[in-house]
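Here the structure is laid out as structure tokens; the discussion comes afterwards.
Below, read A as the first sequence line, B as the second, and so on, with proteins coming before strands; counting in each chain starts at 1.
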There are 2 protein chains.
Amino acid sequence: MEDHHLSEFLNHLEEGLRKEARELFKPERYDREQYIFIDQEEATHLYLVEEGTVEANIVHGDGKLLILDFLYPGGVFGEGALYEDGIYSYSAVAKEPARTWRISWDDLQWLVSRDQLFALHLMRIVVAKLDQAYYKDRCIAGEKVEKRIACVLLKMVDEIGISDKCGLVIDTPLTNRDIAGLVGSTEETVSRIMSRLKKEGIMGTEGKLLVVRDKKALLAYFDDIQA
Amino acid sequence: MEDHHLSEFLNHLEEGLRKEARELFKPERYDREQYIFIDQEEATHLYLVEEGTVEANIVHGDGKLLILDFLYPGGVFGEGALYEDGIYSYSAVAKEPARTWRISWDDLQWLVSRDQLFALHLMRIVVAKLDQAYYKDRCIAGEKVEKRIACVLLKMVDEIGISDKCGLVIDTPLTNRDIAGLVGSTEETVSRIMSRLKKEGIMGTEGKLLVVRDKKALLAYFDDIQA
DNA sequence: AGCCTCCCTTGATGTAGGTCATTTGCCCGC
DNA sequence: GCGGGCAAATGACCTACATCAAGGGAGGCT
């Protein structure tokens with residue numbers, strides 16, 4: 001089984017430990033729509049995405065779905081497992097068929113205790129997630145849906161955008177419902193706004209994929225957020 | 001100078017290191033409204049609140065203020081300093097006159113490298129912050145202001161509420177503007193909602209402080225958020 | 001082919017809440 | 001005491017957006 005992203009992750013360990021560590025990560029496979037863990041469950045494992053896309057979400061009692069984030073290959077999730085008696089603070093579900101690696105809290109702790117640089121690497125990952133969460137708060141809180149969408153699209157482009165003759169292609173299928181879930185709005189509103197963005201030549205589509213045609217204009221949409 | 005909260009923090013270090021570590025933390029003093037660091041600055045130090053209240057906020061280009069969190073004695077902020085070349089992802093300002101301790105990234109790294117349990121403690125702090133940030137997302141995204149306020153008030157009560165004959169007192173002065181900043185709304189809207197909550201006997205005031213009179217009712221306001 | 005499911009689109013309508021404007025009350029220093 | 005500044009309260013207005021509803025296109029199934 002391929003382990004490209006796992007290897008990369010293990011590179012942050014000192015060399016002597018890598019082989020041993022490799023054995024602590026177990027491969028898993030999930031189908032589309034299959035849940036990996038559920039919000040508020042006891043957090044037993046930390047996960048790494050090898051292939052596919054994982055959605056981190058929260059479902060409200062009234063059925064509304066909030067998408068916290070999408071995780072792509074190389075991404076880590078299930079931070080609750082980083083300390084004793086942690087719980088997951090969101091649910092994780094495969095958005096596309098996915099392959100992941102997971103390591104138990106015990107094994108992870110053992111690794112951390114043997115390599116402080118690795119501990120620092122984990123720290124960096126978590127702090128980066130924290131920064132992202134704050135960034136999202138900033139984009140979502142009290143802003144117009146228009147801006148929130150611009151914000152999300154720009155983030156996606158930075159994360160997984162690939163340059164192309166007609167613009168920056170967002171390399172994952174993304175429905176209006178997904179976007180609505182990310183920004184806390186509705187399909188219909190997103191549809192209207194996206195239509196407008198397309199009409200204005202700012203966004204476009206390439207098959208099933210979204211394309212940012214005019215990043216500058218998109219940035220202008222929310223530049224007063226940027227301080 | 002008193003160092004109650006610093007001592008507690010240092011208790012997570014192995015005993016042999018404490019005395020030495022104590023010297024790495026420098027005391028600071030800030031007046032009301034004085035900024036401790038600014039959003040996007042290079043993160044040089046990690047901070048610990050000894051006394052007073054610190055506000056973590058972000059100012060948008062259009063002047064709107066988003067309050068990410070309040071930090072009370074024992075609280076840690078400035079996570080950007082937890083890894084090399086980090087930057088602060090929010091501004092920190094003293095909301096009341098405050099005393100803090102700070103440690104530089106270099107010194108901190110030295111400590112972490114000598115005590116893995118301490119590293120795990122830091123990790124726990126950061127993950128807890130991450131969970132909080134997600135919790136906030138969940139409360140804010142696409143919810144009515146009413147619910148967002150209930151959410152914030154309940155969080156405050158859990159954090160710094162003290163029981164009293166007339167209810168749960170939130171032990172810090174909190175203006176409508178503060179609340180508006182926390183939930184991404186406006187003073188006026190908050191005022192209207194708070195008036196209603198007071199009329200309904202759910203909230204009340206005790207001098208300058210807010211009191212939760214009926215926590216059950218407040219919980220009911222947002223129980224469909226709770227899944 | 002026909003059907004079903006999923007997604008997008010567009011319209012009509014009601015309302016939460018942002019914005020502007022005014023008034024009142026409180027605290028502080030003089 | 002009086003005046004100035006700051007927070008709260010309340011009203012009027014208007015727009016962004018959630019909600020309900022209907023229709024259309026694309027892809028996959030039998």
Interatomic distance, [X] [atom1] vs [N] [atom2] [rounded to whole Å]:
X      : N      : atom1 : atom2 : value
A:I179 : D:dC17 : CD1   : P     : 15 Å
A:E187 : C:dC6  : CD    : C1'   : 10 Å
A:K198 : C:dC8  : NZ    : P     : 8 Å
A:I149 : C:dC8  : CD1   : P     : 12 Å
B:D178 : D:dC6  : CG    : P     : 15 Å
B:R196 : D:dA9  : CZ    : C1'   : 15 Å
A:K95  : C:dC7  : NZ    : C1'   : 12 Å
B:K147 : D:dA18 : NZ    : C1'   : 13 Å

TODO: Respond yes when some side-chain nitrogen or oxygen of A:S191 is under 4.0 Å from OP1 or OP2 of C:dT10, and no when none is.
DONE: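 A:S191 to C:dT10 OP1/OP2: no side-chain N or O under 4.0 Å.
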Task: N/O (side chain, A:S195) to phosphate O (OP1/OP2, C:dT10) under 4.0 Å - done: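 So the side chain of A:S195 is within the cut-off, an N or O lying under 4.0 Å from OP1 or OP2 of C:dT10.
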Hey, what do you get for [atom1] ([X]) to [atom2] ([Y]), rounding to the nearest 0.5 Å?
X      : Y      : atom1 : atom2 : answer
B:R138 : B:C151 : CZ    : SG    : 9.0 Å
A:I170 : A:L209 : CD1   : CG    : 9.0 Å
A:N57  : A:S91  : CG    : OG    : 5.5 Å

TODO: Decide salt bridge (charged side-chain N to carboxylate O under 4.0 Å, His left out) for B:R213 and B:E200; before the verdict, give the C-alpha distance in whole Å, the side-chain angles of both, and the deciding distance to 0.1 Å.
DONE: CA-CA 10 Å; B:R213 292 248 144 79; B:E200 291 173 3; over 6 Å; no
Open item on the list: If you define the side chain from C-beta out and look only at heavy atoms, does anything of A:F37 sit under 4.5 Å from A:H45?
Closed with: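 Side chain of A:F37 against side chain of A:H45, heavy atoms only: no contact under 4.5 Å found.
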TODO: Side-chain contact test, heavy atoms from C-beta onward, threshold under 4.5 Å: evaluate it for B:R102 versus B:I36 and give yes or no.
DONE: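 SC-SC contact between B:R102 and B:I36 ruled out.
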Open item on the list: Tell me whether the rings of B:Y134 and A:Y90 are parallel (<30°), tilted (30 to 60°) or perpendicular (>60°).
Closed with: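 It falls in the perpendicular class, over 60°.
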TODO: Apply the side chain to side chain contact (heavy atoms under 4.5 Å, CB included) test between B:F9 and each candidate in B:I103, B:D3, B:L48; give the one that qualifies.
DONE: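 Option passing the side chain to side chain contact (heavy atoms under 4.5 Å, CB included) with B:F9: B:L48.
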- [ ] Residues of residues 206-215 of chain A with any non-hydrogen atom less than 4.0 angstrom from an atom of DNA chain C: list those, numerically ordered, please.
- [x]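 When residues 206-215 of chain A is checked for heavy atoms under 4.0 Å from DNA chain C, there are no hits whatsoever.
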Task: Short N-O contact, B:R177 and B:E187, less than 4.0 angstrom - done: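 A salt bridge is present here (some side-chain N lies under 4.0 Å from a carboxylate O).
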Open item on the list: By the definition side-chain hydrogen bond (donor to acceptor under 3.5 Å, both in side chains), identify the one residue from B:E51, B:E2, B:H5, B:E28 that meets it with B:R99.
Closed with: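 Only one of B:E51, B:E2, B:H5, B:E28 forms a side-chain hydrogen bond (donor to acceptor under 3.5 Å, both in side chains) with B:R99, namely B:E51.
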Open item on the list: Please determine whether the number of non-hydrogen atoms from other residues, nucleotides or ligands lying under 6.0 Å from atom CZ of A:R196 exceeds 12.
Closed with: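 Correct, the count exceeds 12.
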Open item on the list: Counting primed atoms plus P, OP1 and OP2 as sugar-phosphate and everything else as base, spell out the protein contacts along nucleotides 14-19 of chain C at 4.0 Å heavy-atom distance: B, S or - for each nucleotide, 5' to 3'.
Closed with: ---SSB
TODO: Return the angle between end axes of the helix from C:dA1-D:dT30 to C:dC30-D:dG1, with five pairs used per end and rounding to 10°.
DONE: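 About 30°, once rounded to a multiple of 10°.
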